[in-house]
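Notes follow once the structure below has been shown.
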Amino acid sequence: MSSTRHTVLGTAAVLVLAASTVSATSASAAPERQPRGAAGELTVMSLNTWHAGGQVEDGVTKLARVVEEQDADIVGLQESTREATEALAEKLGWHHYQPAADRGFVSRFPVTGGKTQLEGAVGARVRIDEKTGQEVEFYSAHLGYTPYGPYDACFDGMSVERIMEREKESGRTPQAQEIARELAPKVERADRTPVLLVGDFNTPSHLDWKQGKRDAGCAYDKPVEWPATKAVEDAGLKDSFREAHPDPAAEPGHTWSPVAPEKNADYGGRAEPQDRIDFVDYAGSKLTVKDSRAVVTGDPARMPDHASNSWPTDHAAVVTTFAVK
């Protein structure tokens, strides 16, 4: 998702179109640095790149700095391009995989196979420990952005039934269901090969609206079971942030948006609904959540004064550290 959705996201579509003309890349070698091995711990990040880092000055360098500062091991990317993902991997001395124009990932560890491309996600196996051969199935997702559920709820006051209809219209529901079908058999084997799904889902979580929602102009007294996150849960994956922070009132974990907190021009300047729309989900008994955070560093200027921000995106990143058996 990007701020001023109906204008900036038009730019995203142009970037995706342009990227589609670039020949596909697969996993890249990273000879400069050797994988450090799981060493009992794995740090996973979801990072929307805000048009491949193009919304801030020297964006790819700043994206690399974020990855290094968080000491991440595998980073799922959204709104990236093949060229930007390759450049980011080169700066880090890492491996990368991006068969689609909009989503991919960079990894400290080698990509070993199982490459998959769905409408809303891409995935592959990554070997996180050379000594034992331990692998994970890693997927990066970016789901449809419009219509956007919190606008339907908080600006237009739609019924829950109508919101659910609009979720299908957005493409998110069928995309999430396809991802869930793809991952379900892998989840059954996740005690041997853990499964990780990260991404910008462009929807809140049903775990956050269990008691309804009563802020940012919303007034829902009953749960809103956002279908994209529910489909992933039903496939057997857990939300790592909510594993670490079970109470959404105490720890909302908002990821949208650190640079668009106050106004949305398309809706008369009303307050932009703040919500948690980026996730690190997982399955498998070999992974235990040690910590999970919504991360924004520095004090990024609000739009439209964002070009010189050191924080390179309009989302917070999600960073989860797992203990690995």
V232 reachable from F322 in the ILVMFWY side-chain graph, under 4.5 Å edges: no

Donor-acceptor side-chain pairing of E272 and Y151 below 3.5 angstrom: yes

Expected output: side-chain K62 to main-chain E57 donor-acceptor under 3.5 Å: yes

Transitive ILVMFWY side-chain link V289 to V195, under 4.5 Å: no

Distance flag, aromatic centroids of F201 and F279, threshold under 6.0 Å: yes

Note, T313 side chain near T49 side chain (heavy atom, < 4.5 Å): no

Residues E225 and W209: side-chain donor-acceptor under 3.5 angstrom: no

Exercise: identify the closest heavy-atom pair between Q117 and P99: OE1-CB, 3.7 Å

D291 backbone acceptor or donor facing R293 side chain under 3.5 Å: no

Cluster check L92, V60: I/L/V/M/F/W/Y, side chain < 4.5 angstrom: yes

Any donor-acceptor pair under 3.5 Å from Q175 side chain to G144 backbone: yes

Main-chain N/O of W226 paired with T229 side-chain donor or acceptor, under 3.5 Å: yes

Side-chain heavy-atom pair Y220, V160 within 4.5 angstrom cut-off: yes

Pair R127 + E130: basic N to acidic O under 4.0 Å: yes

Salt bridge R162-E169, side-chain N to carboxylate O under 4.0 Å: yes

Under 3.5 Å: donor-acceptor pair, side chain of R166, backbone of Y148: no

Gap between atom CG of L77 and atom CG of L63 - 0.5 Å precision: 8.0 Å

Straight-line distance of E86 CD to E90 CD, nearest 0.5 Å: 7.0 Å

Pair E41 + K290: basic N to acidic O under 4.0 Å: yes

Side-chain (N202) to main-chain (L143) donor-acceptor, under 3.5 angstrom: yes

Polar side-chain atom of D247 near backbone of A249 as donor-acceptor pair, under 3.5 Å: yes

Side chain proximity check, K210 to L207, heavy atoms < 4.5 angstrom: yes

Test item: M164 and P227 side chains (from C-beta on) under 4.5 Å apart, heavy atoms: yes

Reported OG1-to-CG distance for the pair T321 and L287, which is rounded to 0.5 angstrom: 11.5 Å

Pairwise side-chain contact, D239 with S205, heavy-atom cut-off 4.5 Å (strictly under): yes

D73 side-chain N/O to T43 backbone N/O, donor-acceptor pair under 3.5 Å: yes

Electrostatic pair R189:D191 at N-O distance under 4.0 angstrom: no

Nearest-0.5 Å distance, CZ of residue R103 to OG1 of residue T81: 13.0 Å

CA sep, side-chain torsions, deciding dist, call: I277, H254, side-chain contact (heavy atoms from CB on, under 4.5 Å): CA-CA 7 Å; I277 66 172; H254 293 158; over 6 Å; no

Side chains of S170 and Y145 in contact at under 4.5 Å (non-hydrogen atoms): no

Side-chain H-bond candidate by donor/acceptor type, E79 with N48, under 3.5 Å: yes

Validation row, ring centre W50 to ring centre H315 under 6.0 Å: no

Modelled atom types, side-chain donor and acceptor of E233 and H206, under 3.5 Å: yes

Side-chain heavy atoms of R172 within contact of K168, under 4.5 Å: no

I128 with Y97, same ILVMFWY side-chain cluster at under 4.5 Å: yes

Joint hydrophobic cluster, Y139 plus L196, side-chain heavy atoms closer than 4.5 Å: no

Minimum heavy-atom distance between G114 and R125, given as atom pair plus value: CA-NH1, 3.5 Å

Derivation and outcome, side-chain contact (heavy atoms from CB on, under 4.5 Å), residues V66 and M45: CA-CA 10 Å; V66 168; M45 176 187 288; 4.1 Å; yes

Sequence-distant partners of S240, side-chain hydrogen bond (donor to acceptor under 3.5 Å, both in side chains), two or more places apart: T320

Closest non-hydrogen atom pair, A121 against I179: CB-CD1, 3.7 Å

Atom pair NZ/CD of K325 and Q134 - distance to nearest 0.5 Å: 12.0 Å

Short side-chain to backbone donor-acceptor contact, S140 and F105, under 3.5 Å: no

Which atom of P150 lies closest to which atom of P204, heavy atoms considered: CG-CG, 3.5 Å

E135 versus T112, side-chain donor and acceptor atoms under 3.5 Å: yes

Q78 to S46 - nearest heavy-atom pair and separation: NE2-OG, 3.4 Å

E251 (side chain) donor-acceptor with P246 (main chain) under 3.5 angstrom: no

Residues K91 and T61: side-chain donor-acceptor under 3.5 angstrom: yes

pair V198-V318: side-chain heavy atoms closer than 4.5 Å: no

Side-chain ion pair, R108 and D71, N-O less than 4.0 Å: yes

V44 to F138 - nearest heavy-atom pair and separation: CG1-CE1, 3.7 Å

Check against side-chain contact (heavy atoms from CB on, under 4.5 Å), F109 and V136: CA-CA 10 Å; F109 309 115; V136 297; over 6 Å; no

Gap separating the NE2 atom of H96 from the OG1 atom of T85, nearest 0.5 angstrom: 7.0 Å

Carboxylate-amine/guanidinium contact R242 D281, below 4.0 Å: no

